[in-house]
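Letters A, B, ... mirror the listed sequences (proteins, then strands); counts begin at 1.
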Amino acid sequence: MLRLHDTLSGRTVAFEPRDEGRVSMYVCGPTVYDVPHLGHARTAVVFDVVRRYLAWSGFDVAFVSNVTDIDDNIIRRAAKENSTEQEVARRYEQLYWDELDRLGVLRPNRSPHATEYVDDMIRMIDELVRAGHAYVVEGSGVYFAVDSFPRYGELSHRKVADLLESAGGRVEVDEEKRSPVDFALWKAAKPGEPTWESPWGTGRPGWHIECAAMSLDLLGERFDIHGGGNDLVFPHHENERAEAEATGRRFARYWVHSGMLNVGGQKMSKSLGNFTTLADALDSYDPRALRLAILQTHYRKAVELGADELAAAEKAGHGLDNMLRAAEVAGVDHKGAEPVDEFVDAFRDAMDDDFGTPEALGAVFEASREANKALGEGDTQRAASLVATVVELAGVLGVEVRSGLGEGDDAIDAKVVARNEARASRDFARADDIRDELAAQGIVLEDTPHGTVWRRT
RNA sequence: GGCGGCGUAGCCGAGUGGCUCAGGCAAGGGUCUGCAAAACCCUGGACGUGGGUUCAAUUCCCACCGCCGCCUCCA
């Protein structure tokens, strides 16, 4: 039985899907105005694993993740690059998907764009205005009236009074808004900005309304899980929820938020400018290392992902590869072998407890060690089951274990034969020369009980 | 100021009122190997500080110190 931490209730609760056997989840995606960084990777990997685990657990998962393709940052960027908003958004969105692909993050079933949903948003805003939850300020836009929605603040556990108190100094006081905590549903057109027609004049939608419109359209009321980085809890998700529920619709049932990625103890973010781009990280490390490094920390906690952590995770991942290679070399066929319950159960228990990936990974590594042991003892049957366990469970976490066993290269094979002839005649100097020569080409030899094999570093 | 979180061995990082216990990386010692590679075995060292509750606290309570997040665009 899966339990997960729900931001709204502030508790870890039993998960019961809206529709038996099916899970609907919506995860807030990026605003595409700059290159993706490591922080995006964390959120993407976390929810990718949630999705994979739910699917592995037998649920039919509908996974929707949006792309915000119109907002202030994109407009600013387009102006700076002397380009168009569409062009900026298109370019950075492509980069985003490309790099998530490299990370092994499964593509969403649907990835709606804000600009495709303007009509829906307008309808929703119109409903809010009619219901008295929103008001029009001529020449400025349409605003959500926070005081019309008493449950405002429930999700982020804030009191409107407290917000008002801090709002004075922090939120730009807009004379046109009735209250500093009110927020824009529709922004009136400014010169040079992309605009859409609306009952309130030309303009563009505010940010939060897009997710409310898209999630409800694609997943329906009371969809199961709404996710995102925990920096979105307030105001984004609070506002989304207010908008959706003020129309009388029932919104998300469980709210799941992932922690931030820190660098030097501080949150990695665009605005702080302290980010490592995803591309750089992926060029420097095995993408699986990023995944492992991310999953070795519980998803709700801040994680520090520096060079040391990534290097350590990379080695850990290669350890799994080494195990699989040893199994293949020994002729162990894990395909079709039954995973070992002991480890599968431990894995499931860990994951069922609010996606405890660090502990789940522990089970994977232990199974890997046991597999190596079984291989060493020549117990191929047990080895096959253990290898199957590792491959299966790592797979649930999105980590593909690869043996890396080199084959089908005549030139290398010839050298291996030559080296083994030298070894047989105890000409170790020559044997080592050959090995060094291959090493210089990035080929590592391993002399196993089943013969000499090679792999690329 | 309001709300929330964190502080665990060299590093990252789980977890628990008492049981040999995470796990990964690193270090030292061993086994295997001609030497390596890979693997396995063993070892060291932990729970921010001060109180309290308890037969027993790293785990519960209080205080303190330190760090971080949200309160503004942000994954």
Side-chain angles (χ1 to χ4, degrees), chain A residues 7 10 27-31 33-34 36-47 71-73 76 153 156-159 161-163 165-167 169-172 181 207 227-236 238 257-262 265-272 292-293 296-298 300-306 308-319 321-323 325-326 329 346 350 353 356-366 368-373 375-377 423 426-429 431-432 435-436 439 444-449 452-455:
Chain A
T7 306
V27 177
C28 281
T31 301
Y33 70 97
D34 202 351
H37 61 66
L38 234 33
H40 294 106
R42 186 191 194 184
T43 301
V45 165
V46 163
F47 288 101
D71 94 315
D72 292 347
N73 287 309
R76 213 172 298 135
S156 55
H157 303 282
R158 265 153 236 245
K159 296 188 183 81
D162 292 339
L163 290 171
E165 203 171 307
S166 60
R170 312 207 50 152
V171 175
E172 200 178 320
V181 293
W207 175 34
N230 72 191
D231 54 348
L232 296 183
V233 175
F234 189 92
H236 185 52
E238 188 70 60
H257 290 100
S258 57
M260 293 292 101
L261 192 144
N262 284 180
Q266 283 199 310
K267 175 183 166 183
M268 176 176 288
S269 80
K270 296 260 177 74
S271 46
L272 287 175
L292 287 170
Q296 287 196 70
T297 300
H298 186 84
R300 284 196 282 123
K301 226 176 140 182
V303 60
E304 187 87 22
L305 267 203
D308 292 349
E309 289 73 33
L310 290 172
E314 190 166 66
K315 285 189 183 167
H318 289 164
D321 292 346
N322 294 339
M323 182 280 300
R325 185 172 59 257
V329 169
D353 184 10
T357 56
E359 221 184 322
L361 269 174
V364 173
F365 286 116
E366 282 178 51
S368 179
R369 186 173 61 242
E370 288 301 313
N372 277 319
K373 243 191 274 191
L375 287 168
E377 290 161 4
R423 290 172 71 210
R426 306 197 63 79
D427 183 356
F428 296 122
D432 290 350
R435 186 168 64 198
D436 291 347
V444 178
L445 298 186
E446 295 181 1
D447 296 322
T448 79
T452 300
V453 299
W454 61 272
R455 67 186 153 99

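The distance between atom CZ of A:Phe234 and atom C1' of B:rG2, rounded to the nearest whole Å, is 12 Å. One interatomic measurement links the two molecules: NZ of A:Lys267 to P of B:rC68, which rounds to 14 Å at whole-angstrom precision. Residue A:Leu305 contributes atom CG, which lies 12 Å from atom C1' of B:rG13 at whole-angstrom precision. One atom, CG of A:Asp71, and another, P of B:rC73, lie 11 Å apart when rounded to the nearest Å. Distance A:Leu361 CG to B:rG24 P: 10 Å, rounded to the nearest Å. The interatomic distance linking A:Asn230 (CG) with B:rC70 (C1') rounds to 8 Å, in whole Å. We find that CG of A:Leu261 is positioned 14 Å from P of B:rC12, with the value rounded to whole Å. To the nearest angstrom, C1' of B:rC71 lies 15 Å from CE of A:Met260.
Using a 4.0 Å heavy-atom distance criterion, A:Ser269 is classed as a base contact. Heavy atoms of A:Gly306 sit nowhere under 4.0 angstrom from any nucleic acid atom. Among the protein residues, A:Gly228 comes within range of the sugar-phosphate backbone only, with heavy atoms under 4.0 Å from sugar or phosphate atoms but none that close to a base. Residue contacts for A:His37: at a heavy-atom cut-off of 4.0 Å it reaches a base atom on one of the strands shown. Heavy atoms of A:Lys315 sit under 4.0 angstrom from primed sugar atoms or phosphate atoms, though from no base atom. Contacts of A:Leu272 with the nucleic acid, taken as non-hydrogen atoms under 4.0 Å apart, are absent. Within the nucleic acid shown, A:Thr31 comes within 4.0 Å of sugar-phosphate atoms alone, with no base atom in reach, counting heavy atoms only.
Atom name P, nucleotides B:rC65 and B:rU43: the rounded distance is 41 Å, in whole Å. Taking atom P in both B:rA57 and B:rC67, one finds a spacing of 30 Å when rounded to whole Å. For the P atoms, the distance linking B:rC71 with B:rA38 amounts to 47 Å, nearest Å. Rounded to whole Å, the P atom of B:rG45 lies 23 Å from the corresponding atom of B:rC40. B:rU8 sits 38 Å from B:rA36 when the P atoms are compared, rounded to a whole Å. Distance check on atom P: B:rA22 versus B:rA14 gives 15 Å, rounded to whole Å. The gap from the C1' atom of B:rG7 to that of B:rU58 amounts to 12 Å, rounded to the nearest Å. One C1' atom belongs to B:rU54, the other to B:rC60, and the distance between them is 10 Å to the nearest Å.
For the residue pair A:Asn372 and A:Arg369, no side-chain donor N or O sits within less than 3.5 Å of a side-chain acceptor on the partner.
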Which dot-bracket string describes RNA chain B (Watson-Crick N1-N3 plus N6-O4 or O6-N4, or G-U N1-O2 and O6-N3, all under 3.5 Å; [ ] crossing; | other strand)? (((((((..(((.....[....))).(((((.......)))))....(((((..]....))))))))))))....
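Between A:Lys159 and B:rC71 there is no side-chain polar atom (N or O) within less than 4.0 angstrom of OP1 or OP2.
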Could you list the protein-to-nucleotides 4-11 of chain B atom pairs, N/O on both sides, closer than 3.5 Å?
none

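Electrostatic pairing of A:Glu238 and A:Arg158 does not count as a salt bridge here, judged by no charged N lying under 4.0 Å from a carboxylate O. For the pair A:Asp321 and A:Arg455, the salt-bridge criterion is not met [side-chain N within less than 4.0 Å of a carboxylate O].
Listed nucleotides: B:rA22, B:rC25, B:rA75. Nearest to the side chain of A:Pro30: B:rA75. Comparing atom distances between the A:Glu366 side chain and each of B:rA14, B:rC73, B:rA22 picks out B:rA22 as nearest.
In this structure the side chain of A:Arg423 reaches within 4.5 angstrom of the side chain of A:Thr452, judged on heavy atoms.
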Reading nucleotides 33-45 of chain B from the 5' end, what letters show protein touch, with B for base, S for backbone sugar-phosphate only, - for no heavy atom under 4.0 Å? -BBBBSSSS----
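Remark: side-chain polar atoms of A:His157 are paired, donor with acceptor, to backbone N or O of A:Thr7 under 3.5 angstrom.
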